[in-house]
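Only one structure is covered here, and it is reproduced in the block below.
Computed from heavy atoms alone, side chains included, the values below leave out hydrogens, waters and symmetry copies. Along the sequence shown, residues carry numbers from 1.
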Amino acid sequence: MSIKIGIIGAGGMAGYHIAGFRQAGAEVVAVADLNGEAAARTAAKNNVLRTYNSVARMLKNEKLDAVSIITPNKFHKPLALQALAAKKHVFCEKPPALSAAEISLMATTAAKARRTLMFNFNNRARPESYAMMEYIRKGAVGRINSAQALWIRRTGIPGFGGWFTTKSLSGGGPVIDLLHMIDLALYFMEYPDPEWVLAQTFNDFISDKAFKGPWGIPDNAKGVTNVESAAHGFVRFKTGQVLFLRNSWAELNKREEVSVTFQGTKAGGMVRRLFGRDGLDDTSLDTCELYVQEHGRSVNREIVVPADPTMGRIRSAMNFVLAIEGREAPLNTPDQSVKLMKIIDAIYASAKSRKPIKV
Ligand SMILES: NC(=O)c1ccc[n+]([C@@H]2O[C@H](COP(=O)([O-])OP(=O)(O)OC[C@H]3O[C@@H](n4cnc5c(N)ncnc54)[C@H](O)[C@@H]3O)[C@@H](O)[C@H]2O)c1
C-alpha cells in the first residue's frame, strides 16, 4: 500500500515535493491552501485530483498518512501540531519554525505521537553532499576542526513588504531564510552541541529596490520590511570545533555563493554552488572537492557527481517517504533542528545585545 500524502500550502516548492513523493512511490491525494485558487492552480499543474481551502477539512475527509507543509514560516508550528494531533507524519519546509522553543515543542509532540517529523534541508540531499558525507563517514576527512558556511547574495531580497520581510511572519531575514549552509556545515561536523555564538546583523539596502531578487515576488506597498539584510557570525561548539558564517540577501558581494568549506585533520574540503546570476539556479556551477597532502605534495581531489539543478529538492522529498517506510535513514532529525534553531536564536540575540551568547 502506497503512502498517501496531502500538501498544505501551494508554495513554490510544492512541485518538487510532489515529484519526490511520487518518485518514492507515494500517492499525493490533495492540496490544501487558505487560498482555494492557489490550491486549484498547483493541483492542476501537478495532476492532483482534490483541493481544499481548509486544512482541517482535508485532514478530516482524506485518509492521509502524511502531510507536507509549504507555508510562510510562522505557520509551520501550528500546522505541524495540527497534523501530528491527527496522527500524520510531517514533512515541513525550512526553517523548522520561528525559534528553538517552537521546534522543541514540535519535536516532543512528534515523539509522543510516534510520527516522523522531518524538514526540507534539501541541500543535504544534493549529490555533492551525499558524496562528501560518504568520504566523511568513511574516515577520509578526520575530525572537522573548523568550517565556514556561506549563503551570500548581492541582489537577492525576496520582495518588499511580503511575508519574507515581515519578522513576525518569517522569523527574520537571510539568517533564518538561508540557514541551509549552517545546517550543512553542522551535518558534516556531526552536529556538535553549540556553546557560544557571537554575531552581528546589518540592515543596509533592505528597503532598496535595486537589491530585489529575480523571482518576481509581488511587493506589498502597505506591508512591513523589518528584517536584516546580512549577518556575520562565529560559533564555538562544546567539542572545541568552530564555525564561521555569513548569510546575506543584499550585500556588496561579487556574486551569489552557497558553500560549506571545512578543515579536517586528514583532509579539507568544499561543497559549493556559484551562481552566474543571483537567484537563478540554471546559471550555477557546483563543486565538490577534497584537499590533502600526499607524498609531500598538495593534492586537490575533484569529486565528480551528476548535476542536480533542483539542489536536492526532489531527492529530499523522496527521502521523507523512504524514511517513513524504513527503506532509508532520515536525512535529518528533530533533535538536529532544535540545535540549529538554538544557533539561529543566539545569532539574533547576540546582534541585539552586542554580546557573545552562551547557548
Ligand atoms: N527549500 C527551499 O529551497 C525553499 C525555497 C523557497 C521557499 N521555501 C520555504 O517554503 C515555504 C513557503 O514559501 P513560498 O515562497 O512558497 O511562500 P508563498 O507565499 O509563495 O506560498 C505559501 C502558500 O501558503 C499558503 N498559506 C499561508 N498560510 C497558510 C495556512 N495557515 N494554511 C494553509 N495554507 C497557507 C498561502 O496562501 C500561499 O499559497 C517557506 O517556509 C519557505 O522558507 C523553501
Side-chain angles (χ1 to χ4, degrees), residues 73 77 94-107 119 121 123 142-153 165 167-168 170-206 226-253 257-265 268-271 332-359:
N73 307 342
K77 182 194 84 168
K94 48 52 66 174
L98 298 186
S99 66
E102 286 194 359
I103 165 66
S104 294
L105 176 62
M106 293 154 78
F119 297 95
F121 291 117
N123 281 270
R143 179 185 124 116
I144 295 179
N145 285 335
S146 46
Q148 298 79 43
L150 270 67
W151 194 319
I152 52 168
R153 289 186 188 143
T165 60
K167 181 132 179 129
S168 59
S170 60
V175 170
I176 191 162
D177 179 42
L178 302 179
L179 80 181
H180 288 283
M181 290 301 111
I182 303 174
D183 170 70
L184 190 63
L186 288 163
Y187 183 51
F188 288 161
M189 296 167 97
E190 295 183 36
Y191 251 86
D193 286 319
E195 188 176 27
W196 288 99
V197 174
L198 177 63
Q200 186 62 49
T201 57
F202 299 90
N203 58 10
D204 303 86
F205 319 121
I206 192 65
N226 62 351
V227 297
E228 77 284 356
S229 54
H232 296 238
F234 195 76
V235 185
R236 186 191 189 282
F237 299 90
K238 289 179 181 159
T239 52
Q241 292 161 289
V242 292
L243 173 69
F244 168 76
L245 62 97
R246 288 175 63 193
N247 283 23
S248 60
W249 281 345
E251 207 175 35
L252 297 176
N253 298 304
E257 175 174 345
V258 182
S259 65
V260 170
T261 310
F262 59 79
Q263 297 74 42
T265 51
M270 177 175 73
V271 166
N332 62 83
T333 64
D335 284 356
Q336 293 171 342
S337 286
V338 173
K339 279 189 205 178
L340 178 65
M341 289 310 298
K342 281 184 180 172
I343 293 174
I344 302 296
D345 285 0
I347 291 171
Y348 286 125
S350 176
K352 194 168 174 201
S353 66
R354 303 194 217 162
K355 292 198 169 84
I357 299 293
K358 184 123 199 203
V359 182

Legend entry - Set of side-chain contact (heavy atoms from CB on, under 4.5 Å) partners for Val359, sequence neighbours left out: Pro194, Val197, Lys342, Ala346
Legend entry - CG-CD1 distance between Asp193 and Ile343, expressed to the nearest 0.5 angstrom: 9.5 Å
Legend entry - Partners meeting salt bridge (Lys or Arg N to Asp or Glu O under 4.0 Å) with Glu195 (sequence neighbours left out): Arg236
Inset, instruction - Please report the shortest heavy-atom distance between Ala147 and Met189, naming the atom on each side. - result: CB-SD, 4.0 Å
Inset, instruction - Using a 4.5 Å cut-off on heavy atoms from C-beta on, say whether the side chain of Ile182 contacts that of Asn247. - result: yes
Legend entry - Side chain to side chain, Asn253 and Ser248, heavy atoms closer than 4.5 Å: yes
Inset, instruction - For Phe237, check ring-ring contact (aromatic ring centres under 6.0 Å, His included) against everything at least two apart and list the hits. - result: none
Legend entry - Within-4.5 Å side-chain heavy-atom neighbours: Thr165 and Ser170: no
Inset, instruction - Could you note down all residue pairs passing side chain to side chain donor-acceptor pair (under 3.5 Å) where residues 174-185 supplies at least one of them, sequence neighbours left out? - result: Lys94-Asp177, Asn123-His180, Arg124-Asp183, Asp177-Trp249, Asp183-Tyr191
Inset, instruction - Mind checking salt bridge (Lys or Arg N to Asp or Glu O under 4.0 Å) for Lys167 and listing every partner two or more places apart, or none if nothing turns up? - result: none
Inset, instruction - Please test Leu150 against Met181 for side-chain contact (heavy atoms from CB on, under 4.5 Å), starting from the C-alpha separation and ending with a verdict. - result: CA-CA 6 Å; Leu150 270 67; Met181 290 301 111; 5.8 Å; no
Legend entry - Check: Asn145 and Gln263 side chains under 4.5 Å, non-hydrogen atoms: no
Inset, instruction - Taking the side chain as every heavy atom from C-beta outward, state whether Gln200 and His232 have any pair of such atoms under 4.5 Å apart. - result: no
Legend entry - Reported OG-to-CG distance for the pair Ser99 and Asn73, which is rounded to 0.5 angstrom: 11.5 Å
Legend entry - Sub-4.5 Å side-chain heavy-atom contact between Arg143 and Thr239: yes
Inset, instruction - Of all the heavy-atom pairs spanning Leu98 and Ser168, show the shortest one and how long it is. - result: CD1-O, 3.8 Å
Inset, instruction - Using atom types as modelled and distance alone, determine if a side-chain donor or acceptor of Gln336 lies under 3.5 Å from a backbone N or O of Tyr187. - result: no
Inset, instruction - Could you tell me whether the side chain of Pro96 reaches within less than 4.5 Å of the side chain of Leu179, counting heavy atoms only? - result: yes
Legend entry - Gln148 and Thr261: side chain donor to acceptor below 3.5 Å: no
Legend entry - Spacing of Arg246 atom CZ and Trp151 atom CH2 [to the nearest 0.5 Å]: 15.0 Å
Inset, instruction - Could you tell me which residues satisfy side-chain hydrogen bond (donor to acceptor under 3.5 Å, both in side chains) with Ser259, sequence neighbours excluded, listed by chain and number? - result: Glu257
Inset, instruction - Decide yes or no on side-chain contact (heavy atoms from CB on, under 4.5 Å) for Leu245 and Ile347, but give the supporting numbers first. - result: CA-CA 10 Å; Leu245 62 97; Ile347 291 171; 3.8 Å; yes
Inset, instruction - Using distance alone, with no hydrogens and no angle criterion, decide if Glu228 and Tyr348 have a side-chain donor and acceptor under 3.5 Å apart. - result: yes
Legend entry - Gap between atom CD1 of Ile144 and atom CZ of Phe188 - 0.5 Å precision: 7.5 Å
Inset, instruction - For atom CD of Glu190, decide whether the heavy atoms of other residues, nucleotides or ligands shown that lie under 6.0 angstrom number more than 12. - result: no
Inset, instruction - Spell out, as yes or no, whether a donor-acceptor pair under 3.5 Å connects the side chain of Asp345 to the backbone of Ala100. - result: yes
Legend entry - Non-hydrogen atoms of Asn203 and Val227 that approach each other most closely: CB-O, 4.3 Å
Legend entry - Exercise: identify the closest heavy-atom pair between Pro192 and Leu186: CD-O, 4.0 Å
Legend entry - 4.5 Å side-chain heavy-atom contact, Trp196 and Ser350: no
Legend entry - Minimal non-hydrogen separation, Ser229 against Asp204, with atom names: OG-O, 2.7 Å
Inset, instruction - Identify the heavy atoms of Pro174 and Ala230 that sit nearest to each other, and give their distance. - result: CG-N, 3.9 Å
